[in-house]
Amino acid sequence: QVQLVESGGGLVQAGGSLRLSCAASGSYIDDYVLTWFRQRPGKRREAVSSITATDGSTYYDGSVLGRFSISVDAAKNTVYLQMNSLKPKDSAVYYCAADRREDISDIPKMWHYELLYDYWGQGTQVTVSS
């Protein structure tokens, strides 16, 4: 079982940058799928970006493509989300989620489904002012 703790959220002006971290403990994440979700006020939780630690494949929602970058540091057992050119509509609580799996062949189609993930962090607030 893995525990996830997010950090790095805060208040930033539009156009600015933040880097979110998700530190994992209890298990090495080198065979996990790790995904950042966000939940904006009054909206459903949505997948933002994912990485398969096994082979480093990355996936992005169209709304953040080209602005956000996901990465994993296996030595630190941590996944990051670098967020650049932030917009007010990026304001949300950001959650880290993890799913341990050996077969990643269906991940390109399924990475954005909440039900895929067994482990979740508590979330970190990101607020982007205009």
Side-chain angles (χ1 to χ4, degrees):
Q1 189 167 354
V2 65
Q3 292 80 43
L4 305 170
V5 178
E6 302 97 332
S7 61
L11 174 64
V12 65
Q13 288 189 332
S17 298
L18 283 174
R19 189 178 79 157
L20 305 183
S21 300
C22 173
S25 61
S27 178
Y28 291 111
I29 59 174
D30 52 357
D31 57 352
Y32 279 73
V33 178
L34 302 142
T35 298
W36 287 96
F37 286 78
R38 67 184 179 189
Q39 188 165 22
R40 293 180 277 189
K43 303 290 186 180
R44 295 181 61 183
R45 192 154 54 184
E46 60 183 357
V48 174
S49 181
S50 182
I51 186 166
T52 52
T54 304
D55 66 358
S57 295
T58 58
Y59 307 92
Y60 296 92
D61 181 76
S63 65
V64 305
L65 188 64
R67 300 188 298 122
F68 291 11
S69 178
I70 191 169
S71 61
V72 63
D73 186 333
K76 296 183 178 180
N77 224 33
T78 299
V79 61
Y80 301 97
L81 185 67
Q82 177 67 43
M83 305 186 296
N84 299 326
S85 302
L86 282 162
K87 305 175 182 180
K89 66 179 181 180
D90 294 317
S91 297
V93 178
Y94 283 72
Y95 299 90
C96 177
D99 174 55
R100 187 177 187 182
R101 59 174 50 220
E102 295 181 357
D103 181 5
I104 59 173
S105 60
D106 54 353
I107 292 303
K109 295 181 180 179
M110 296 182 62
W111 67 272
H112 54 289
Y113 289 115
E114 284 188 65
L115 293 178
L116 185 69
Y117 301 91
D118 295 322
Y119 307 105
W120 291 82
Q122 82 289 348
T124 185
Q125 177 71 49
V126 171
T127 303
V128 184
S129 63
S130 58

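Owing to the predicted nature of the structure, the values given are computational and were not obtained by experimental measurement.
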Query raised in the report: Do we see a donor-acceptor contact under 3.5 Å between the side chains of Asn84 and Ser17?
Result: yes
Report task. Would you check, one step at a time, whether the test side chain to side chain contact (heavy atoms under 4.5 Å, CB included) holds for Ser57 with Ile107? Result -> CA-CA 10 Å; Ser57 295; Ile107 292 303; over 6 Å; no
Query - Main-chain N/O of Thr78 paired with Asp73 side-chain donor or acceptor, under 3.5 Å - result: no
Requested in this report: Indicate yes or no: does Asp61 engage Arg38 in a salt bridge with an N to O separation below 4.0 Å.
Outcome: no
Requested in this report: Tell me whether Leu115 is reachable from Ile104 by hopping between hydrophobic residues (I, L, V, M, F, W, Y) whose side-chain heavy atoms are closer than 4.5 Å.
Outcome: no
Query raised in the report: Is Tyr32 reachable from Tyr95 through a run of hydrophobic residues whose side-chain heavy atoms are each under 4.5 Å from the next?
Result: no
Report task. Show your working on side chain to side chain contact (heavy atoms under 4.5 Å, CB included) between Lys87 and Val128 and close with a plain yes or no. Result -> CA-CA 6 Å; Lys87 305 175 182 180; Val128 184; 5.5 Å; no
Query raised in the report: Rounded to the nearest 0.5 Å, how far apart are OG of Ser21 and NZ of Lys76?
Result: 8.5 Å
Report summary line: side-chain contact (heavy atoms from CB on, under 4.5 Å) test vs Thr124 passes for just one of Val5, Leu18, Leu20, namely Leu20
**Report entry** hydrophobic_cluster_shared for Trp36 and Val64, side chain cutoff 4.5 Å
**Finding:** yes
Report summary line: Looking only at heavy atoms, the pair that brings Ile29 and Ala24 closest together is CG2-CB, 3.4 Å
Report task. Decide yes or no on side chain to side chain contact (heavy atoms under 4.5 Å, CB included) for Leu86 and Phe68, but give the supporting numbers first. Result -> CA-CA 9 Å; Leu86 282 162; Phe68 291 11; 3.9 Å; yes
Query - CZ on Arg45 to NE2 on His112, rounded to 0.5 Å - result: 14.5 Å
Query - Met83 and Val126: CA distance, side-chain angles, deciding distance, side chain to side chain contact (heavy atoms under 4.5 Å, CB included) verdict - result: CA-CA 10 Å; Met83 305 186 296; Val126 171; 3.9 Å; yes
Query raised in the report: Any link between Tyr60 and Ile51 through a network of hydrophobic side chains (Ile, Leu, Val, Met, Phe, Trp, Tyr) touching at under 4.5 Å?
Result: yes
Requested in this report: Check whether any side-chain heavy atom of Cys22 sits under 4.5 Å from a side-chain heavy atom of Leu34, and report yes or no.
Outcome: no
Query raised in the report: Considering the options Trp120, Trp111, Tyr117, which one meets the side-chain hydrogen bond (donor to acceptor under 3.5 Å, both in side chains) requirement together with Thr35?
Result: Tyr117
Report task. Examine distances only and state if a side-chain atom of Asn77 and a backbone atom of Ala23 form a donor-acceptor pair shorter than 3.5 Å. Result -> no
Report task. Would you give the length of the straight line joining atom CG of Leu65 to atom OG of Ser49, rounded to the nearest 0.5 angstrom? Result -> 9.5 Å
Query raised in the report: About how many Å separate CZ of Arg100 and OG1 of Thr54, when rounded to the nearest 0.5 Å?
Result: 10.0 Å
Requested in this report: Using atom types as modelled and distance alone, determine if a side-chain donor or acceptor of Glu6 lies under 3.5 Å from a backbone N or O of Gln122.
Outcome: yes
Query raised in the report: For Ser91 and Pro41, which heavy atoms make the closest approach, and how far apart are they?
Result: O-CD, 4.1 Å
Report task. Please report the closest heavy-atom contact between Cys96 and Val79, naming both atoms and the distance. Result -> SG-CG1, 3.8 Å
Query raised in the report: Could you state the interatomic distance from CG (Asp31) to CG (Asp99), rounded to the nearest 0.5 Å?
Result: 10.0 Å
Report summary line: Closest non-hydrogen atoms of Arg40 and Glu46, given as atom of the first, atom of the second and distance, are NH2-OE2, 2.9 Å
Query raised in the report: In terms of hydrophobic clustering (I, L, V, M, F, W, Y; side-chain heavy atoms under 4.5 Å; direct or indirect links), are Tyr59 and Val33 co-clustered?
Result: yes
